[in-house]
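So the structure is just underneath, and the comments pick up after that.
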Amino acid sequence: MKVAVYGRPIQIEGFEEFFELFTACLSKFDISYFTLDTYGQFLSKSYDMETQTCTSEDVRSGSFDFLISLGGDGTVLDTLGIVKSSGVS
């Protein structure tokens, strides 16, 4: 399974630990993940975390099974523009 991960830039206490646990869970179940390019850049710059990245066009192309949105209702609304008419869940 292949998923894309989207989020808005946020710096809160405990985020790094959360994200490491989140990605460890994905890996445990053999789920490959890519962060949307702007989110990946934020993780690299703010938390020194390197992830594989993808673009919105990559997600719309149908090469991903799911898009996971990390955040609140505004973040979820952002993802609608990414997945519309793509077949991604």
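Values in this document were obtained by computation on a predicted structure and should not be read as measured data.
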(message) Within the 4.5 Å heavy-atom criterion, are Leu67 and Val3 side-chain neighbours or not?
(response) no
(message) I'd like to know if Ile12 and Leu21 are part of one continuous hydrophobic network [Ile/Leu/Val/Met/Phe/Trp/Tyr, side-chain heavy atoms within less than 4.5 Å].
(response) no
(request) Check whether Leu70 and Val76 end up in the same hydrophobic cluster, where Ile, Leu, Val, Met, Phe, Trp and Tyr are linked by side-chain heavy atoms less than 4.5 Å apart. (result) no
(message) Over 60° means perpendicular and under 30° means parallel, so tell me whether Phe15 and Phe18 are parallel, tilted or perpendicular.
(response) tilted
(message) Can you tell me how far apart CD (Glu50) and CG (Asp48) are? Round to the nearest 0.5 Å.
(response) 6.5 Å
(message) Would you say that Phe19 contacts Tyr47 through its side chain, given a criterion of any heavy-atom pair below 4.5 Å between the two side chains?
(response) no
(request) State whether the side chain of Thr55 and the backbone N or O of Asp58 hold a donor-acceptor pair below 3.5 Å, judged by distance alone. (result) yes
(request) Decide yes or no for Tyr6 and Thr75: does some side-chain heavy atom of the first lie under 4.5 Å from some side-chain heavy atom of the second? (result) yes
(message) Contact between Val83 and Val59 at the side-chain level, heavy atoms closer than 4.5 Å - yes or no?
(response) yes
(request) Name all residues meeting the side-chain hydrogen bond (donor to acceptor under 3.5 Å, both in side chains) criterion together with Tyr39; count only those two or more places apart in sequence or in a different chain, and write none if there are none. (result) none
(message) Just to verify, what does Leu80 make a side chain to side chain contact (heavy atoms under 4.5 Å, CB included) with, not counting sequence neighbours?
(response) Leu77
(message) Once salt bridge (charged side-chain N to carboxylate O under 4.0 Å, His left out) is applied, what residue pairs with a partner in residues 15-27 remain, sequence neighbours excluded?
(response) none
(request) Please list, chain by chain and in numerical order, all residues satisfying side chain to side chain contact (heavy atoms under 4.5 Å, CB included) with Ser46, sequence neighbours excluded. (result) Gln11, Phe42
(message) Give me each pair satisfying salt bridge (charged side-chain N to carboxylate O under 4.0 Å, His left out) with a member in residues 1-13, each pair once, sequence neighbours excluded.
(response) Arg8-Asp78
Under 3.5 Å, which donor-acceptor pairs do the side chains of residues 24-37 form with other protein atoms, sequence neighbours left out?
from  : atom 1 : to    : atom 2 : distance (Å)
Ser27 : OG     : Thr23 : O      : 3.1
Ser32 : OG     : Met1  : O      : 3.3
Thr35 : OG1    : Thr51 : OG1    : 2.7

